[in-house]
Protein chains: 2
Amino acid sequence: MRNAALKADTSLQILDVAEALFSERGFSAVSLREIARQAGVVVSNVTYHHGDKIGILAAIYDRHTRPMNARRIELLGEARRIPDRADRLTAILRAYLLPAFTSSSDLMGGGTRFTRMRALLSAEGDPEAQRIIAQAFDQTTSQFIDAISECLPGASRGDIVWRAHFLLGALYYTLINPERIGRLSKGQITADDNETAIGQLVSATHASLIALSP
Amino acid sequence: MRNAALKADTSLQILDVAEALFSERGFSAVSLREIARQAGVVVSNVTYHHGDKIGILAAIYDRHTRPMNARRIELLGEARRIPDRADRLTAILRAYLLPAFTSSSDLMGGGTRFTRMRALLSAEGDPEAQRIIAQAFDQTTSQFIDAISECLPGASRGDIVWRAHFLLGALYYTLINPERIGRLSKGQITADDNETAIGQLVSATHASLIALSP
DNA sequence: GTCTATAGCATGATAGAC
DNA sequence: GTCTATCATGCTATAGAC
């Protein structure tokens with residue numbers, strides 16, 4: 001009774017463990033046995049709560065996409081009210097990236113863990129996982145591309161889509177390979193610093209977009 | 001006797017099949033059995049020629065890295081002789097990207113297949129594979145960063161490393177997810193076109209780098 | 001809701017005949 | 001150099017007792 005508030009629901013406990021493992025090693029490389037062991041339950045307990053393995057992934061998406069997209073749309077609304085086009089573009093890019101690093105909900109680990117999991121999933125190419133990814137995010141992304149277009153009179157939508165595509169690739173690669181940038185710069189940079197990564201992503205993408213508007 | 005020139009060496013035949021499969025689905029998701037079946041041999045024949053599974057990957061790297069890096073250094077040497085800094089930067093970026101798409105050797109499939117395999121490997125995070133990746137390419141990359149630095153007086157090396165890091169992420173993401181850009185732009189763009197992808201990568205990265213030089 | 005037990009199958013690797 | 005046969009292990013998923 002005294003520990004009722006501390007005792008996490010088993011179903012949620014399994015999701016936490018699975019999310020941590022998926023964000024470290026991807027989907028197929030993580031076994032139900034390992035999830036069960038780290039969650040302190042037996043394998044059949046995992047499938048009891050979430051059906052099959054892809055059901056675990058669907059549940060993780062379910063609890064993240066809604067608050068993350070809501071936060072993005074909220075920040076996007078604020079950004080669109082900035083009059084100066086260059087400043088507005090910066091705010092739009094930050095509105096897209098911030099929720100990917102810091103979750104708006106109280107889910108532990110912030111958004112970085114979830115975003116890194118998505119990066120690994122996008123590379124794995126599992127057909128069932130790809131279906132979950134696509135339907136969850138492309139719709140929100142289109143709204144951002146519309147907002148970016150309004151900052152760049154004369155730029156073609158096709159070019160903007162390519163730049164946005166590159167932004168996502170750069171974001172994912174940074175989360176997947178955080179140690180690589182330290183190796184190349186001889187240890188002077190650490191990509192673990194989220195704020196630095198966001199700033200670099202924003203300024204690089206800003207420059208690549210501004211160049212499209214004559 | 002008559003077909004001696006047509007009969008490919010079994011060892012090479014296995015490498016061709018493995019490379020095609022690894023570039024489609026990554027390393028761990030491809031089984032020795034599938035490689036053997038598509039190569040028309042039995043499983044034990046694969047391990048006879050290349051030792052264990054990681055040995056196949058090492059052999060694939062062995063036959064690609066040398067010609068690809070040689071071609072890069074050759075094109076880089078030509079680029080560095082261009083006097084105008086902005087034009088030189090464009091040439092340097094193309095010197096980095098072109099060998100990643102079109103191999104200099106006569107290996108079938110061009111460089112795209114090998115580069116896509118590297119993209120998938122970088123996301124998979126297999127420790128043994130990571131070791132092979134790192135030692136093969138970071139050295140060449142450093143030479144390119146030096147050349148880029150010379151085009152951008154006043155820019156910090158750290159900022160340049162970040163931009164180059166983003167370029168690799170954008171390249172990999174484009175090769176991993178070629179259909180996504182078509183979906184976002186409502187079918188007006190196809191990322192299958194290598195020349196378009198190279199052009200977009202070059203101009204986006206060029207703009208992000210030029211912005212660093214005051 | 002949690003457990004034990006196991007079915008049914010795929011995997012990487014190796015031994016040994018030819 | 002190529003084959004058959006097999007080992008030891010891992011996997012997802014399910015049945016059924018409590």
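Proteins get letters first, then strands, A, B, ... in listed order; numbering begins at 1 in each.
The CG atom of Leu32(B) sits 20 Å away from the P atom of dT6(D) (whole-angstrom rounding). Residue Leu12(B) contributes atom CG, which lies 12 Å from atom P of dG1(D) at whole-angstrom precision. Straight-line distance from the CD1 atom of Ile35(B) to the P atom of dA10(C): 17 Å, rounded to whole Å. Atom NE2 of His50(B) is separated from atom C1' of dG12(C) by 16 Å (rounded to the nearest Å). The CG atom of Leu57(B) sits 14 Å away from the P atom of dG12(C) (whole-angstrom rounding). Straight-line distance from the NZ atom of Lys53(B) to the C1' atom of dG10(D): 13 Å, rounded to whole Å. Note: CD (Glu128(B)) to C1' (dG12(C)) measures 12 Å, nearest angstrom. In this structure, CZ of Arg37(B) is placed 13 Å from C1' of dA10(C), rounded to the nearest angstrom.
Ranked by how close their nearest DNA chain C nucleotide is to the 5' end, Val42(A) and Tyr48(A) are led by Tyr48(A). Heavy-atom nearest nucleotides on DNA chain D were determined for Glu34(A) and for Thr47(A), and the one closer to the 5' end corresponds to Glu34(A).
Salt bridge annotation for Glu78(B)-Arg71(B): absent, with no cationic side-chain nitrogen under 4.0 angstrom from a carboxylate oxygen. A salt bridge links Arg94(B) and Glu195(B); the closest N-O separation between the charged side-chain nitrogens and carboxylate oxygens is under 4.0 Å. A salt bridge does not link Arg80(B) with Asp146(B): every distance from a Lys NZ or Arg NE/NH1/NH2 to an Asp or Glu carboxylate oxygen is 4.0 Å or more.
Ser11(B) places no side-chain N or O within 3.5 Å of a backbone atom of His49(B) that could act as its donor or acceptor partner.
In this model, the phosphate group of dG1(D) is not approached by any side-chain N or O of Asn45(B) to a distance below 4.0 Å at OP1 or OP2. Note on Ser31(B): every side-chain N or O is 4.0 Å or more away from OP1 and OP2 of dA10(C). OP1 or OP2 of dT14(D) has not a single side-chain nitrogen or oxygen of Ser44(A) nearer than 4.0 Å. Of the side-chain N and O atoms in Thr10(B), one or more sit less than 4.0 angstrom from OP1 or OP2 of dT2(D).
If you check dT14(D), dT14(C), dG12(C) against the side chain of Arg33(B), the one that comes closest is dG12(C).
Relative ring orientation between Phe166(A) and Trp162(A) is described as tilted, the plane-to-plane angle lying within the 30° to 60° band.
Residue Val30(A) is classed as a sugar-phosphate contact, given heavy-atom separations below 4.0 Å to backbone atoms only.
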